[in-house]
Amino acid sequence: AQKTAPEQFDGSAADPLTELHALGQRWAGQIPAGAPEWRVDPDVEMYEDVEDTGGGGLGPIRFARSSQGPLARLEGGLRVRRAGRDRRGFSSLRTVLLGEPIASARAIHERLSKVKAMAVLSSDPLSSVAYATEQTMAVLLMAGAGLLGLTVPIGMGIVLLLVAVGLSYRQTIRAYPKGGGSYIVAKDNLGPIPGLVAAASLMTDYILTVAVSVSAGVGAIVSAAPQLAPYIVPLGVAIITLIVLANLRGIREAGTIFTLPTYAFIAGTMLLLLFGFWHLVFEGARAANPYFGETNYRGPLPLVSIAGLGGVWLLLKAFASGCTALTGVEAISDGVPAFKPPEWRNARTTLMVMIGILAVSFSGITFLAHQFGLRPDYIPGSGGLPAPMEDPHSYRGPYQTVLSKLAHVTFGNGPLYFYMQGATAVILALAANTSFSDFPRLLYFLARDKYAPSQFGNLGDRLSFSNGIITLGVLAGILYVGFRGSTDALIPLYTIGVFNSFTLSQLGMVVRWRRLAREGSDEERRGWRGYLAMNLFGAILTFVVLVVAAATKFLNGAWVVVALIPLIVLIFLGIHRHYANARARGQAQIPITPGDVKPLAVIPIGDLTDVQLQSLALARRLADRVVAVFISDDPAKIEEMRRKWAAWGNHVPLEVIESPYRSIIRPFLAYLDAVQAQNENATLMVILPEMVYSRWWHQFLHNQTALRLKAALLFRPGTVVVNVPYHLRDKEAA
């Protein structure tokens, strides 16, 4: 239904004052305006009626829902199509990049199957095999190549820890089928503060995961294409941006996008291990390779003994560095609600498959790298100094990761090598996606408990937590640029947060099993001793790694994370305190019963056209007492306004304020103070006419007086602000 357009007055008539006089008479009711004419479009689409509600004194208001989702208002029982959405400018670009909005009713269809969940939630731990072995070897290399023989025993210890943590989280998923992240487990069983410490630890880990994964992915690209080395920073920022856009399209669509790269990397890793063991068994570790030359890998180094505190310290540091292979293991436990039903069963199955693939991949790569005598090109923390090489004929070409060297050994310099490097680069870059799945969900839980801004609890158009996704992208991008994309510089900050959250989560489960042993039902107590022992063992192991990692990496940058976690917890507590105060101290500043509301409307005007007349009409309808305020420093403009006002009929009192300093906002606020002082029982209502721009750049062509007034009135207590928008007429209408 469409309403005929009312008369317009813009002061352009031959005799504006005569026209104003006529409009003033109509405004006062001396000339009947006549009933509006309504017409009904016969081609209107009919929707199925899905809801009937009472209108609260306005008559029945009925709604219908179209197949595309929007509600349409029904007038007199007629189903009226809502006007189409504006597809110009930013809206159109947003739709192209992110897709059409998804209805809330389709949320269940956006869940992940086990195959897609592996791609979305396991890319981070699976990709860590690309650099975890190298980090262990690089630390050992600081004391000389002779200690590289310890790589395999350390790797075995890391695999044992991985299995223990995986089994512990398997129990957590069963105990918390709606999502058992470290924050929830620690908060429910250890208290709010340990829960917030776990949340802060996970947040720092998620941000670092994005930065480290992208930097490692760019490193793999540079290994295969050294000419791209000068563009490390822009490449990383571009990758982070693409991952943000992919996740804003929704979790299911992100799973579709990341499925192929994840499984391509798994296939490449299995091929690498297969070819590597074949090479080792049938050709030996000393066989020549046309890329490196015979001298580069000379077979496994002998196992040497560690003597003294310095040796033990180095061994512990190497173990802590290699534990980066465990980062992201908790992601499936955090993301249980993202699975298709039955959620917890599918999550447990996916977790154990992921643990198996990760254990085989990491142990196989570590063993083969040791057998072929491979070593990192750089010593960590050396600022890029090359690792010592006894043989002057050893390969000294462009920087190569250990995984790249192993791929050269097993595949040569053929297509499979470039396939492996390409798959590694993509999975490392996309490993950040695990954080983009869990970081927004963690912020949602914090926002639900009032420890984070409530905006993080809102679902976006594509049923994803858009605010959390964008926040993570911005923070990770800043960190990546700040460290210039250096994996070596970022790694020391890694693992502290994740192992802190591991420890708190496992301790929380220990407390839970003890509580269920005392208070739980027979079903809940079944097998509690075995589960408690498993979680306790996992807590002890992760705590040892946490202490070692914090101690060995403290001076290399880990102190930043150690100091940042308490700061984030204090921010959480401050936000929670604010929300508590807002609930307790919130009070009405105008009367809460209709009979006590005595509105006094004040309208700032700059002219007298139909724009101001509509505001005056609305004000007069809302309040019996209305006053218009005209502020100027020009006597001629003041006199012209008085003539217009008199011609219109003086239906509303006009206050003229002369402002010698050309200011509008300060004199208007001072006038409001005076009005409020003289009318203590009145509810002050400011009616603001405001232009709405058809293009975003139009706002730069106008002085934004209404916007500045709104900003000034926002913090003024007891003042109601009503916006009366007006639009520029289209060329066709004009």
Side-chain angles (χ1 to χ4, degrees), residues 107-128 162-189 198-199 202 205-206 209 247 250-256 258-259 262-263 266 326-359 431 433-445 463-465 468 498 501-502 504-506 508-509 512-513 523-524 527 530-531 534-535 538 542:
I108 189 66
H109 302 292
E110 294 298 305
R111 301 285 188 88
L112 297 172
S113 64
K114 292 190 289 289
V115 173
K116 288 187 177 180
M118 179 73 75
V120 173
L121 301 174
S122 301
S123 55
D124 177 21
L126 291 176
S127 68
S128 64
L162 170 65
V163 173
V165 171
L167 291 175
S168 298
Y169 271 109
R170 187 173 184 269
Q171 305 310 318
T172 302
I173 290 173
R174 184 175 182 179
Y176 288 87
K178 294 186 178 180
S182 300
Y183 164 66
I184 295 177
V185 176
K187 178 176 71 70
D188 287 354
N189 298 287
L202 280 176
D205 176 65
Y206 289 144
T209 294
N247 280 275
I251 185 171
R252 185 170 65 90
E253 193 156 343
T256 302
F258 298 141
T259 296
T262 301
Y263 288 102
I266 294 174
L326 276 73
T327 55
V329 169
E330 82 289 345
I332 292 178
S333 176
D334 291 343
V336 173
F339 283 81
K340 288 184 176 180
E343 292 86 348
W344 70 274
R345 290 187 182 275
N346 290 334
R348 280 175 50 147
T349 302
T350 306
L351 174 67
M352 298 318 295
V353 172
M354 185 265 290
I355 292 294
I357 295 174
L358 180 56
N433 187 67
T434 299
S435 294
F436 280 99
S437 173
D438 283 350
F439 182 89
R441 194 177 300 277
L442 173 61
L443 279 178
Y444 160 76
F445 288 125
L463 298 180
S464 60
F465 295 107
V498 68
S501 63
F502 281 171
L504 289 171
S505 176
Q506 302 311 311
M509 289 299 297
R512 182 180 187 275
W513 295 126
E523 179 67 23
E524 291 174 327
Y531 297 147
M534 188 178 300
N535 287 123
T542 54

* Asked: Do the side chain of Tyr263 and the main chain of Val115 share a donor and acceptor less than 3.5 angstrom apart?
  -> yes

Looking at residues at least two apart in the chain, or sitting in another chain, which of them share a side-chain hydrogen bond (donor to acceptor under 3.5 Å, both in side chains) with [X]?
{"X": "Thr542", "result": "Thr503"}
{"X": "Gln506", "result": "Ser168, Asn535"}
{"X": "Asn346", "result": "Lys114"}
{"X": "Thr209", "result": "Tyr494"}

Distance-minimising heavy-atom pair for [X] and [Y]:
{"X": "Ala199", "Y": "Tyr183", "value": "CB-CD1, 3.8 Å"}
{"X": "Met118", "Y": "Thr350", "value": "CE-O, 3.9 Å"}
{"X": "Gly166", "Y": "Leu351", "value": "O-CD2, 3.5 Å"}
{"X": "Pro177", "Y": "Glu343", "value": "O-CB, 4.4 Å"}
{"X": "Val185", "Y": "Ser505", "value": "CG1-O, 3.4 Å"}

Exercise for review: Assert yes or no for the condition that the ring centre distance of Phe502 to Tyr169 is strictly below 6.0 Å.
Suggested key: yes

Nearest 0.5 Å, please: how far is [atom2] in [Y] from [atom1] in [X]?
{"X": "Trp344", "Y": "Arg170", "atom1": "CH2", "atom2": "CZ", "answer": "8.5 Å"}
{"X": "Ile266", "Y": "Ile357", "atom1": "CD1", "atom2": "CD1", "answer": "4.0 Å"}
{"X": "Asn189", "Y": "Met509", "atom1": "CG", "atom2": "CE", "answer": "7.5 Å"}
{"X": "Thr172", "Y": "Arg512", "atom1": "OG1", "atom2": "CZ", "answer": "9.0 Å"}

Side-chain heavy-atom pair Met352, Leu167 within 4.5 angstrom cut-off = yes

4.5 Å side-chain heavy-atom contact, Leu202 and Glu330: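 Leu202 vs Glu330: side chains touch.
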
[X]: side chain to side chain contact (heavy atoms under 4.5 Å, CB included) partners, not counting sequence neighbours:
{"X": "Leu162", "result": "Leu326, Val329, Ile355, Leu358, Ala359"}
{"X": "Arg345", "result": "Pro342"}
{"X": "Ala198", "result": "Ser182, Ala186, Leu504"}
{"X": "Asp188", "result": "Tyr176, Ile184"}

Taken in chain and number order and not counting sequence neighbours, the residues that satisfy ring-ring contact (aromatic ring centres under 6.0 Å, His included) with Phe445 are none

### Task
Would you please name every residue forming a ring-ring contact (aromatic ring centres under 6.0 Å, His included) with Phe439, sequence neighbours left out?
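Phe439: no ring-ring contact (aromatic ring centres under 6.0 Å, His included) contacts found.
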
